[in-house]
Peer 1: 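I have a structure here, written as structure tokens, and I will follow up with some questions on it.
The sequence lines fix the lettering, A, B, ..., with proteins before strands; numbering per chain opens at 1.
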Protein chains: 2
Amino acid sequence: MKAIHVTDERTLELQETDTPILKDGEVLVRVRVAGVNRADLLQAAGHYPPPAGESEILGLECAGVIEDPGTTGRKAGEKVACLLAGGGYAEFVAVPEGQLMPIPEGYSFAEAAAVVEVATTVWSNIGMLTGLEAGQTILIHGGAGGIGTFAIQMAKHVGATVAVTAGSAEKLAACKALGADILINYREEDFAEILKNKCDRILDIMGAKYLPGNVKALATGGHQVTIGLQGGVKGELNIGLLLAKRGTISATALRSRDRADKARIVASTVENIWPLLEDGTITHQIHATLPLSDAQRAHDMLKAGEVTGKVVLLIDA
Amino acid sequence: MKAIHVTDERTLELQETDTPILKDGEVLVRVRVAGVNRADLLQAAGHYPPPAGESEILGLECAGVIEDPGTTGRKAGEKVACLLAGGGYAEFVAVPEGQLMPIPEGYSFAEAAAVVEVATTVWSNIGMLTGLEAGQTILIHGGAGGIGTFAIQMAKHVGATVAVTAGSAEKLAACKALGADILINYREEDFAEILKNKCDRILDIMGAKYLPGNVKALATGGHQVTIGLQGGVKGELNIGLLLAKRGTISATALRSRDRADKARIVASTVENIWPLLEDGTITHQIHATLPLSDAQRAHDMLKAGEVTGKVVLLIDA
């Protein structure tokens, strides 16, 4: 089969390679569309190796058609979206059955491939881990990004008050259009002062840099979950202040989870989020659709930082 | 009624004061025995004021008899143990109904008064918050203390592997006698190195000082809960390492919770822990029983640090 290979010069090239051999409980999926994630850029640069035993090929999400159901009870020809530990930038990928999702009704392969990572990430953290409820206030850092825009819509659907940070008036306007209630330009304002003791939940992508501010912003019983480390890894924690608030800080990742854990998250995401995609409660955006052979260009677009929405790769273009 | 008063010189004196006036949902309890806690020493020193609207009198736990059921459906004469926001060092105390517990079968008033704070603290943190399960490993810092000895027995009952830290061979031997599996003298050994990546749960009383070591000791999906700050309040958190482990850090306190929250904890503690007290699965120790008028001497004993087990105050001695 054809798949994207990372050359010694850290560039992406379409090459011929072996089709994956199925293990017990896996299906072979003919990939139609693969989603591109920032984590793929890290992996291509050599900084984010796949978990032990998983495909070395890039690609954490895709949509396609079951080619070989292996030992599972699935049917060849079934259309599926897939959460992957790797392997999406290819004509075929082996997928554990627990990581298969139906294509949301009315969705194209491209729309489905584009939503897998963001939906499972947002739901597993805000929904499953922190249990966001109506009437609570959630702070979403990076509100205008892919995770942020999805999280705003989910949180508004739950009935929460949504505060966001972003770096420009345009980005904040985009957040507002999706329902965000409190808009903070982090270049001009101090989010921790504005939201002091007010945030029941915080979805954080900054890590160390925002730790003191986030703890200040937490409300009594508040729960921060960090899913990105754009502001570094080592920071100061005032655990006395955290105790006074009876607060919790979690930090999570999706790719390193074992298959049982991923299956649990995938099932809960389909149950709770798929209906919201199908009825249009939560929308998301595709910025560009490129052929698989243009994977390098897709990465260059993300690096340039001017992408609003998802970039996806078409395998049968 | 008679109650302990903190003088301007920060000493404890038995004085005449007003009997509490009941609010809706409260019962008046004639106190027979009040437990002494380290937090009482802090409050006497002026560092730990009671929550707004609660009694200024010392005392976070007691056992006694209902004198006046107020607006509740309780009966006068009923024997009860009580979780208090304050007021235990007195002849009478007003107690919200949700903070009343039965006296464990076979328990004296003294034994009941001595177990309320430790039982609710250990169960609300290890049981309700972190959900300790059989097969998991829990690290209990200060294993030989009141919280530690109770936590060891509860964790062993659940079926966990128990690691403890303590500062002497004698203290570690006491932990071993209660079932602790891994004994670490923190004066001689590095707990974080010994338990690196092994701890599913950590019950911490040190706060800032142990934060780096605790994160190092956490296993994948591990959960640390800090309930004491003996090692300071500001420490370094490697949130990158926490993310790699998908770990969680909570910090909690009991006294500052609202009445609904306390009622929830009290009910769950009675349901889950009382049977273990009644059948002897969990034991605890009374070090000394003093008359209420000797409250100052009780505090001096705790300050001197030579107490093994609980000090309680007899009101009708």
Side-chain angles (χ1 to χ4, degrees), chain A residues 39 47-49 51 121 124-125 128-130 202 204-212 214-216 218-258 260-262 264-265, chain B residues 39 47-49 51 121 124-125 128-130 202 204-212 214-216 218-258 260-262 264-265:
Chain A
H47 301 314
Y48 192 55
T121 297
S124 63
N125 284 293
M128 297 170 74
L129 179 62
T130 82
I202 298 177
D204 171 62
I205 55 172
M206 294 300 291
K209 185 180 173 187
Y210 274 14
L211 200 44
N214 282 338
V215 172
K216 185 175 174 183
L218 278 181
T220 298
H223 191 166
Q224 163 188 344
V225 53
T226 292
I227 60 170
L229 300 166
Q230 295 178 27
V233 298
K234 286 190 182 177
E236 183 183 274
L237 175 61
N238 185 336
I239 198 164
L241 183 55
L242 192 69
L243 188 144
K245 297 180 172 198
R246 305 192 304 271
T248 291
I249 295 172
S250 297
T252 76
L254 189 51
R255 191 186 196 184
S256 61
R257 292 178 187 268
D258 65 27
D261 209 8
K262 282 179 181 155
R264 186 178 65 88
I265 287 171
Chain B
H47 300 314
Y48 191 55
T121 298
S124 63
N125 284 292
M128 296 171 74
L129 179 61
T130 81
I202 298 177
D204 171 63
I205 55 171
M206 294 300 289
K209 185 180 173 186
Y210 275 13
L211 200 43
N214 282 337
V215 172
K216 185 175 173 182
L218 278 181
T220 299
H223 190 166
Q224 164 189 344
V225 53
T226 291
I227 60 170
L229 300 166
Q230 295 178 27
V233 298
K234 284 190 183 179
E236 183 184 273
L237 174 62
N238 185 336
I239 198 163
L241 183 54
L242 193 69
L243 188 145
K245 296 180 173 198
R246 304 194 303 272
T248 290
I249 294 172
S250 297
T252 77
L254 188 51
R255 191 186 197 184
S256 62
R257 292 177 188 269
D258 66 26
D261 209 8
K262 282 178 182 157
R264 187 178 64 90
I265 288 171

Peer 1: Could you tell me which portion of A:L211 (side chain, backbone, both or neither) has an atom closer than 4.5 angstrom to a non-hydrogen atom of chain B?
Peer 2: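 For A:L211, the contact with chain B is made by the side chain alone.
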Peer 1: Could you tell me which of B:A251, B:S256, B:A253 has the largest number of non-hydrogen atom pairs under 4.5 Å with chain A?
Peer 2: B:A251
Peer 1: Of B:T252, B:N214, B:D204, B:N125, which meets side-chain hydrogen bond (donor to acceptor under 3.5 Å, both in side chains) against B:T226?
Peer 2: B:D204
Peer 1: Who among A:L229, A:V225, A:T220 has the most heavy-atom pairs with chain B under 4.5 Å?
Peer 2: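 Maximum pair count with chain B is reached by A:L229.
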Peer 1: Side chain, backbone, both or neither: which part of B:L242 has an atom under 4.5 Å from a heavy atom of chain A?
Peer 2: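 For B:L242, backbone and side chain are both near chain A.
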Peer 1: Can you tell me how far the CE atom of A:M128 sits from the CZ atom of A:R264, to the nearest 0.5 Å?
Peer 2: 4.0 Å
Peer 1: Only pairs of heavy atoms separated by less than 4.5 Å count here; which of A:L243, A:I227, A:N238 has the most with chain B?
Peer 2: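 The option with the most such pairs is A:L243.
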Peer 1: Restricting to non-hydrogen atoms, name the atom on A:G231 and the atom on A:A208 that form the minimum distance, rounded to 0.1 Å.
Peer 2: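 Shortest heavy-atom separation between A:G231 and A:A208 comes out as O-CB, 3.7 Å.
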Peer 1: Under 4.5 Å heavy-atom distance to chain B, tell me which part of A:I249 shows up: side chain, backbone, both or neither.
Peer 2: both
Peer 1: What are the two closest non-hydrogen atoms of A:I265 and A:L254, and how far apart are they?
Peer 2: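 In this case the closest contact between A:I265 and A:L254 is CD1-CD1, 3.9 Å.
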Peer 1: Specify the closest pair of heavy atoms between B:S250 and B:L129, including all atoms of both residues, with the distance to one decimal.
Peer 2: CB-CD2, 3.8 Å
